[in-house]
Protein chains: 2
Amino acid sequence: MRIGELAERSGVSVRSLRYYEEQELLQSERSSSGQRHYAEHAVERVGLIQLLFAAGLSSKTIQALIPCTITGVSTDETKALLLAERDRIDRQMADLAAARARLDEIVDIAFDPTLPCAHQDSPEKVSAA
Amino acid sequence: MRIGELAERSGVSVRSLRYYEEQELLQSERSSSGQRHYAEHAVERVGLIQLLFAAGLSSKTIQALIPCTITGVSTDETKALLLAERDRIDRQMADLAAARARLDEIVDIAFDPTLPCAHQDSPEKVSAA
DNA sequence: CTTGCCCCTCACATTGATGTCAGGTTTTAG
DNA sequence: CTAAAACCTGACATCAATGTGAGGGGCAAG
């Protein structure tokens with residue numbers, strides 16, 4: 001398939017797909033005229049890339065880890081990277097959980113009907129009052 | 001206390017504290033010579049700011065929510081913001097959990113003793129071989 | 001052939017918190 | 001008094017993924 005179709009099927013912009021290739025996360029065959037062509041499994045690959053990006057991994061890290069996910073072959077470096085990223089994710093989840101708990105407290109206060117609420121009138125009236 | 005002490009006690013750079021003030025997240029009294037002075041509770045405030053930054057809230061959002069955390073007063077806008085950020089955090093935690101699970105699978109493969117390992121020899125030997 | 005759509009590369013813009021440097025003033029310790 | 005340390009403002013740098021636009025081919029249908 002060509003890049004437009006891959007973009008649509010994987011829900012990623014064409015720009016991003018070219019970027020992934022530049023970062024060596026995704027390979028393509030080029031037609032004689034230079035157009036990119038992808039195999040079916042590219043869709044899945046892009047999904048993996050997205051998954052890892054969404055968790056805050058850098059393209060460099062993803063690039064290092066991808067061979068491992070494909071061939072199962074790992075080096076000391078990829079192993080260390082794996083563990084480090086997992087730890088980072090754990091820390092980030094803890095950060096998120098803490099912030100979420102704090103926001104919950106604030107929500108409780110904000111939606112407490114016994115507390116005063118700022119007026120929702122038009123701003124002019126409020127400031128003029 | 002002055003900015004250096006606050007930085008040290010809150011574990012944040014002086015640069016960041018000035019930035020927080022610029023973003024109206026943190027206030028200071030100025031001495032006649034223009035130096036910033038902070039009350040004790042500023043330490044706690046900085047902690048809150050950090051907590052929310054760590055969860056990916058923008059300074060603009062934090063600025064909108066801070067009055068709510070101090071006075072308990074909320075507007076429709078801050079309420080919507082609270083719920084939106086909480087949802088965003090939930091989604092992000094789900095993303096992290098998914099990536100973590102995927103990394104776990106990869107870890108299992110990478111550390112599987114029955115699978116072949118890339119050699120850890122010096123790179124020259126490997127590539128020369 | 002022409003029109004339209006998809007593709008190509010190159011390159012600059014964006015966002016946001018923070019680093020860093022420059023040049024200057026204040027405070028503090030000796 | 002003087003030197004060091006801390007502070008001030010202002011401005012430019014950073015990182016990373018993505019947006020966007022220019023200028024130019026490729027290919028299929030009419």
Side-chain angles (χ1 to χ4, degrees), chain A residues 1-38 42 45-66 81 85 88-89 91-92 95-96 99, chain B residues 1-38 42 45-66 81 85 88-89 91-92 95-96 99:
Chain A
M1 83 197 79
R2 288 188 301 169
I3 199 170
E5 187 183 342
L6 178 57
E8 189 158 8
R9 284 175 57 181
S10 56
V12 174
S13 73
V14 166
R15 174 68 176 90
S16 293
L17 293 178
R18 294 202 188 103
Y19 176 72
Y20 298 166
E21 180 167 323
E22 187 187 319
Q23 299 297 308
E24 297 174 86
L25 309 181
L26 179 65
Q27 287 72 44
S28 68
E29 299 289 317
R30 297 300 187 105
S31 72
S32 57
S33 64
Q35 301 208 339
R36 293 170 177 86
H37 288 265
Y38 299 91
R45 169 72 69 94
V46 173
L48 174 62
I49 295 170
Q50 289 271 291
L51 183 78
L52 297 179
F53 268 139
L57 279 73
S58 71
S59 57
K60 187 182 167 194
T61 302
I62 297 175
Q63 195 238 315
L65 293 183
I66 276 190
L81 223 44
E85 287 299 324
R88 197 190 49 72
I89 288 176
R91 283 195 304 275
Q92 184 152 6
D95 285 349
L96 286 171
Chain B
M1 83 196 80
R2 289 189 299 170
I3 198 169
E5 187 183 342
L6 178 57
E8 190 158 6
R9 284 175 56 183
S10 56
V12 174
S13 72
V14 166
R15 173 69 175 89
S16 293
L17 294 178
R18 295 202 186 105
Y19 176 72
Y20 298 166
E21 181 167 324
E22 187 187 320
Q23 300 296 307
E24 297 174 84
L25 309 180
L26 180 64
Q27 286 73 43
S28 68
E29 300 288 316
R30 296 299 187 105
S31 73
S32 58
S33 64
Q35 299 209 339
R36 293 171 177 84
H37 289 264
Y38 299 92
R45 169 72 69 93
V46 174
L48 174 62
I49 294 170
Q50 289 271 289
L51 184 79
L52 297 179
F53 268 140
L57 278 74
S58 70
S59 56
K60 188 182 168 195
T61 302
I62 298 175
Q63 194 239 315
L65 293 183
I66 277 190
L81 224 44
E85 287 301 322
R88 197 190 47 72
I89 287 175
R91 282 195 304 275
Q92 186 154 3
D95 285 348
L96 286 171

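Just so we're on the same page: letters track the sequence lines, and every chain starts at 1.
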Within the structure, does a side-chain N or O atom of [X] lie under 4.0 Å from either OP1 or OP2 of [N]?
| X | N | answer |
| --- | --- | --- |
| A:S59 | D:dA17 | yes |
| A:S31 | D:dG26 | no |
| A:Y20 | D:dA17 | no |

Given [options], identify the nucleotide with an atom nearest to the side chain of [X].
| X | options | result |
| --- | --- | --- |
| B:F53 | D:dG25, C:dA17, D:dT18 | C:dA17 |
| A:S16 | D:dG19, C:dC7, C:dT27 | D:dG19 |
| A:Q35 | D:dG25, C:dT9, C:dG16 | D:dG25 |

For [X] and [N], what is the distance between atoms [atom1] and [atom2] respectively, to the nearest whole Å?
| X | N | atom1 | atom2 | result |
| --- | --- | --- | --- | --- |
| B:Y19 | D:dT9 | OH | P | 16 Å |
| A:E21 | D:dT18 | CD | P | 15 Å |
| A:M1 | C:dC7 | CE | C1' | 16 Å |
| A:E29 | C:dC8 | CD | P | 14 Å |
| B:E22 | D:dT9 | CD | P | 10 Å |
| A:R15 | D:dA17 | CZ | C1' | 8 Å |
| A:R30 | C:dT9 | CZ | P | 5 Å |
| B:L17 | C:dG19 | CG | C1' | 14 Å |

**Nearest-nucleotide comparison on DNA chain D, the residue closer to the 5′ end among B:Y38 and A:S33** = B:Y38
**Prompt:** Is the CD atom of B:Q27 crowded by more than 12 outside heavy atoms at less than 6.0 Å?
**Reply:**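 It does: B:Q27 CD has more than 12 such atoms within range.
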**Asked** Within a radius of less than 6.0 Å around CD of A:E5, do more than 12 heavy atoms belonging to other residues, nucleotides or ligands occur?
**Response** yes
**Prompt:** So which of A:E21, A:R18, A:R2 actually passes side chain to side chain donor-acceptor pair (under 3.5 Å) with A:S28?
**Reply:** A:E21
**Asked** side chain to side chain donor-acceptor pair (under 3.5 Å) with A:Y20: which of A:R45, A:R15, A:Q50?
**Response** A:Q50
**Message:** Heavy atoms only, 4.0 Å cut-off, all strands: where does A:S58 land among base, sugar-phosphate and nothing?
**Reply:**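 A:S58: backbone/sugar contact only, no base atoms under 4.0 Å.
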**Message:** Using a 4.0 Å heavy-atom cut-off, does B:R18 contact any base of the nucleic acid, only the sugar-phosphate backbone, or nothing at all?
**Reply:** base
**Request:** Give the C-alpha distance, both sets of side-chain angles, the deciding distance and a yes or no for side chain to side chain contact (heavy atoms under 4.5 Å, CB included) between A:Q35 and A:R30.
**Result:** CA-CA 5 Å; A:Q35 301 208 339; A:R30 297 300 187 105; over 6 Å; no
**Message:** On DNA chain C, compare the nucleotides closest to A:G4 and B:K60; which residue's is nearer the 5' end?
**Reply:** A:G4
